[in-house]
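Order of the sequence lines fixes the chain letters, A, B, ..., with proteins taken first and strands second; residue numbering starts at 1 for each chain. None of the values given here were measured: they were computed from a predicted structure.
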Number of protein chains: 2
Amino acid sequence: MDLKQIRQQLAKNNLKATRPRQAILEALAQASGWVTAKSLFDKLSGQEANIDFSTICRNLELLSSIGILCRVDRDSNGIFAYSLSEMDEHHHHLICRSCGKISPMEFCPLQQLNSTQTAGYSELECRFEIYGCCRDCQGKQGK
Amino acid sequence: MDLKQIRQQLAKNNLKATRPRQAILEALAQASGWVTAKSLFDKLSGQEANIDFSTICRNLELLSSIGILCRVDRDSNGIFAYSLSEMDEHHHHLICRSCGKISPMEFCPLQQLNSTQTAGYSELECRFEIYGCCRDCQGKQGK
DNA sequence: AATATAAATGCAAGTACTTGCATTTATATT
DNA sequence: AATATAAATGCAAGTACTTGCATTTATATT
Ligand SMILES: [Mn+2]
Ligand SMILES: [Mn+2]
Ligand SMILES: [Zn+2]
Ligand SMILES: [Zn+2]
């Protein structure tokens with residue numbers, strides 16, 4: 001998803017292309033990997049921008065909710081990692097507990113689910129992440 | 001899982017049956033539903049117990065990790081809900097975004113997963129929750 | 001170009017844990 | 001029963017957001 005598509009996506013969702021929001025998206029594009037609210041804040045604070053930490057958090061969450069960003073709970077400790085989505089389709093992530101590496105997975109359990117388990121429920125969404133120890137990290141013991 | 005089984009489960013994991021821990025487990029047994037760290041803290045603070053909030057958080061997390069408790073992120077906002085596990089087997093949960101109702105689901109996506117997606121990874125675990133709007137809450141709009 | 005309006009921001013205060021560390025306590029061993 | 005030891009606790013400080021609200025700003029309409 002390039003910046004042109006992102007602007008369209010914003011417009012489609014009635015979201016404004018504010019200066020802070022654009023600075024955040026540009027920083028994400030430059031980073032070309034995963035960032036945290038804090039790492040973005042530190043990066044953007046150096047520049048003239050000076051964007052509030054709460055603005056960053058709100059944007060990361062909002063942009064994730066419309067599919068522009070991916071978000072994962074890297075250590076299951078409330079520190080979220082974000083990146084520009086690596087693919088257009090809905091997907092989930094596989095996370096190495098040891099080195100923090102994050103890989104996309106096409107599999108979505110919601111599609112596999114026998115619908116009797118969610119009978120009567122509407123507006124279904126799921127949260128799904130797999131944690132493990134990647135090949136590079138096996139041998140090197142512990143975290 | 002009754003209190004006898006719980007004690008065995010603790011011993012098996014080299015966990016002590018401390019006074020705070022037992023008070024927490026008893027409170028959970030009485031509550032017979034879902035509680036938060038804060039609701040437990042408020043309840044136990046009234047009594048002679050007077051257990052530190054961090055002790056409660058640490059126990060809830062620890063007891064969840066050995067399967068005595070279930071834990072869910074009810075509103076995806078970092079407030080966790082806990083209960084004594086309703087079943088012995090590993091399982092996940094379906095959560096109503098509107099009323100907060102939590103129902104167990106036997107389905108575990110990790111078992112359904114094509115193993116090529118996690119090739120090279122060991123010690124796999126998954127986090128999986130489904131959010132939706134339950135039958136009772138449909139009609140009543142919004143949250 | 002001026003105006004209206006909904007969205008977004010920045011600030012300050014709040015929330016829900018989380019962590020480090022010295023001290024206490026439950027259990028196993030003698 | 002006394003002792004050793006690993007586990008757990010309580011306290012204080014820290015972290016990572018989150019929320020409410022007055023003010024600002026981007027976009028659509030006139
Ligand atoms: Mn992704
Ligand atoms: Mn359960
Ligand atoms: Zn790794
Ligand atoms: Zn409901």
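- Linking ILVMFWY residues whenever their side-chain heavy atoms come closer than 4.5 Å, directly or via other members, leaves Phe128(A) and Phe80(B) in distinct clusters.
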- [ ] Could you summarise the pairing of DNA chain C as dot-bracket text, marking Watson-Crick and G-U pairs under 3.5 Å with ( ) or [ ] inside the strand and | across strands?
- [x] ||||||||||||||||||||||||||||||
Task: Base versus backbone protein contacts along nucleotides 9-18 of chain C [heavy-atom cut-off under 4.0 Å; B, S, -] - done: SBB----SBB
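- Going from atom CG of Leu10(B) over to atom P of dT27(C) covers 9 Å, rounded to whole Å.
- Rounded to whole angstrom, the span from the CG atom of Leu15(A) across to the P atom of dT27(D) amounts to 10 Å.
- For the pair Ser64(B) (side chain) and Leu60(B) (backbone), a donor-acceptor distance under 3.5 Å is present.
- In the hydrophobic clustering of this structure, Leu110(A) does not group with Val72(B); members are Ile, Leu, Val, Met, Phe, Trp, Tyr whose side-chain heavy atoms approach within less than 4.5 Å, directly or through other members.
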Task: Cys108(B) vs His92(B), side-chain contact (heavy atoms from CB on, under 4.5 Å): CA-CA, chis, key distance, verdict - done: CA-CA 7 Å; Cys108(B) 174; His92(B) 295 278; 3.4 Å; yes
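- Checked by atom type and distance alone, the side chain of Thr118(A) never pairs as donor or acceptor with a backbone atom of Tyr121(A) at under 3.5 Å.
- For dT27(D), its base never sits under 3.5 Å from the side chain of Lys16(A) at any donor and acceptor pair.
- Going from atom CG of Asn14(A) over to atom C1' of dA6(C) covers 9 Å, rounded to whole Å.
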- [ ] Please test Ile68(A) against Leu10(A) for side-chain contact (heavy atoms from CB on, under 4.5 Å), starting from the C-alpha separation and ending with a verdict.
- [x] CA-CA 9 Å; Ile68(A) 288 177; Leu10(A) 289 178; 4.0 Å; yes
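- Residue Ala17(B) is in sugar-phosphate contact alone, with no base atom involved, counting any heavy-atom pair closer than 4.0 Å across all strands shown.
- What you find for Cys70(B) and Glu86(B) is that their closest heavy atoms are SG-OE1, 3.4 Å.
- Taking atom CG of residue Leu62(A) and atom P of nucleotide dT19(D), one finds them 14 Å apart after rounding to whole Å.
- Separation of atoms CG (Asp52(A)) and CG (Asn59(A)) is listed at 11.0 Å; rounding is to 0.5 Å.
- For the pair Leu25(A) CG and dA8(C) P, the computed distance is 12 Å after rounding to whole Å.
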